[in-house]
There are 2 protein chains.
Amino acid sequence: MKKEDSTEHLILDAAKEIFQSKGMDGARMQEIADKAGINKAMLHYYYRSKQLLFEAVFKNVFSLLAPQLNSILNDDSSVETKVTNFTADYTAFMMKHPYLPNFIINELNRNEDFILKLQEQTGFPNLEKFKVQVATEINSGTLKPIDPDQLFVNILALNIFPFLGKPLIKALTKKDDASYAAFITSRKTEVATFIINSIKM
Amino acid sequence: MKKEDSTEHLILDAAKEIFQSKGMDGARMQEIADKAGINKAMLHYYYRSKQLLFEAVFKNVFSLLAPQLNSILNDDSSVETKVTNFTADYTAFMMKHPYLPNFIINELNRNEDFILKLQEQTGFPNLEKFKVQVATEINSGTLKPIDPDQLFVNILALNIFPFLGKPLIKALTKKDDASYAAFITSRKTEVATFIINSIKM
DNA sequence: AATAGGTTTAACCATATGGTTAACAAATGT
DNA sequence: ACATTTGTTAACCATATGGTTAAACCTATT
């Protein structure tokens, strides 16, 4: 039997879908069991409690996101190249996982201490290299002076917010789903241009 | 008796706090009643159901946010001035209502159709004037070419995201609450500079 | 074939939860 | 003063929900 067909894995897949779309409070154990096509008791057999199943899902989902962040932080290309690649890659990734950003952000707001458990995990994104790199490029006159933390948050904000705020932005800009998808697609390059215009000397 | 002391108002205030911090699914009617210091039956006497109480709260909260958006859209100052004022005002406003952005964003994601009820309300933000203005300033050579919708989303993103993603950003940038507050405060001017650097010809 | 181990299910349990009711109190009008 | 409406409470109800249990069901080992 393949690993993907194991009951434990079926449960995790079903739980990922339900928890991501409805959140911890909105999710129902019975609904997860139904989606997995198994008896509700199996959820507790493999994961003990709703809380532990949720944490397994959260860590799994976060481990999808972390590499996306690390990609911009830990390679040796210039800041300009990183911004360009990150914007394109991150947007493409999020178009495949539309519930992911809101899930992460919302659950971290619901329980601020939960991030502590993630920080201990290997692969938790580290900004040190990025900070040094930005400082170096500012010194060498390639970039205008800017606090690396501020720049990093700006990059995240411009890339993530369109997924978090989709319903609001759709209404404000009067777009339907198709034109919103086109809007997001064009951001793959627009956002990088916007950032680079701002910081390039 | 002052309006603020009426039972109906006590309920709405308590419900605003509970719904904003815990969301529709996480909120408990009993907890709202306890916070308001009244009997649970009163919630149903004045608001019929949890859903209707929630909608009353949501509309009330959204009506706090809408003027903030309208302020950037509907006055006659230049785009540069608007961005500067909006960034400072919006950030100051959000520091006073820290749960508001996540509440709005998350509940709209939970129920995408709900925004339709808001659009009908008077005062729902309208972008037309802003779009014309950006187009005019691009034509006159004041601004670099940019799609007004993209610029608008960028402004929103840079201003709202630091409040939505606070727990995540705190962990990534290794800031405590005090240094995060300072970080946000410096964004009151940093964000405007960042945007203007990018779009000014 | 018998045994032992893990796996799965239906039925069950205790509690939480949104909502209702009937009696009571406090205003309000006549 | 009396009646009527409005506001308030404690007790109650039906259902949903996370979790448990005991028995049944494989499946591999002896």
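Being a predicted model, the structure only gives us computed values, none of them experimental. Here is the naming used below: chain letters follow the sequence lines, and residue numbers restart at 1 for every chain.
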S.K.: Could you list the donor-acceptor pairs under 3.5 angstrom formed by side chains in residues 14-24 of chain A, with sequence neighbours left out?
M.R.:
from     : atom 1 : to        : atom 2 : distance (Å)
Lys16(A) : NZ     : Asn60(A)  : OD1    : 3.0
Glu17(A) : OE1    : Lys35(A)  : NZ     : 3.1
Gln20(A) : OE1    : Leu100(A) : N      : 3.4
Ser21(A) : OG     : Glu17(A)  : O      : 3.0
Ser21(A) : OG     : Ile18(A)  : O      : 3.3
Lys22(A) : NZ     : Glu31(A)  : OE1    : 3.4
Lys22(A) : NZ     : Glu31(A)  : OE2    : 2.9

S.K.: Could you measure the distance from the CG atom of Leu151(B) to the CD atom of Glu190(A)? Nearest 0.5 Å is fine.
M.R.: 10.5 Å
S.K.: Could you check which residues of residues 31-45 of chain B get a heavy atom under 4.0 Å from DNA chain D? Sort them by number, please.
M.R.: Asn39(B), Ala41(B), Met42(B), Tyr45(B)
S.K.: Under 3.5 Å, side-chain donor or acceptor atoms of residues 118-127 of chain A against the rest of the protein: list the pairs with distances, not counting sequence neighbours.
M.R.:
from      : atom 1 : to        : atom 2 : distance (Å)
Gln119(A) : NE2    : Ala171(B) : O      : 3.4
Asn126(A) : OD1    : Glu128(A) : N      : 2.8

S.K.: Walk along DNA chain D from 5' to 3' and tell me the first and last nucleotide with an atom closer than 4.0 Å to a non-hydrogen atom of chain A.
M.R.: dT17(D) to dT21(D)
S.K.: Applying ring pair (Phe, Tyr, Trp, His ring centres under 6.0 Å) as the test, list every pair that has at least one member in residues 157-201 of chain A; sequence neighbours left out.
M.R.: Tyr180(A)-Phe183(A)
S.K.: Can you name the side chain to side chain donor-acceptor pair (under 3.5 Å) partners of Asp113(B), sequence neighbours left out?
M.R.: none
S.K.: Looking at residues at least two apart in the chain, or sitting in another chain, which of them share a ring-ring contact (aromatic ring centres under 6.0 Å, His included) with Tyr47(A)?
M.R.: none
S.K.: With sequence neighbours excluded, tell me which residues meet salt bridge (charged side-chain N to carboxylate O under 4.0 Å, His left out) with Lys82(B).
M.R.: none
S.K.: Thr81(B): what forms a side chain to side chain donor-acceptor pair (under 3.5 Å) with it, not counting sequence neighbours?
M.R.: Ser78(B)
S.K.: Counting only non-hydrogen atoms, which of residues 15-28 of chain A are less than 4.0 Å from DNA chain D?
M.R.: Ala27(A), Arg28(A)
S.K.: According to side-chain contact (heavy atoms from CB on, under 4.5 Å), who are the partners of Asn109(A), at least two apart in sequence or on a separate chain?
M.R.: Ile105(A), Asn102(B), Pro167(B)
S.K.: At under 4.0 Å between heavy atoms, what does Tyr47(A) touch on the DNA or RNA strands: base, sugar-phosphate, or nothing?
M.R.: nothing
S.K.: With sequence neighbours left out, what residues match Thr136(B) under side chain to side chain donor-acceptor pair (under 3.5 Å)?
M.R.: none
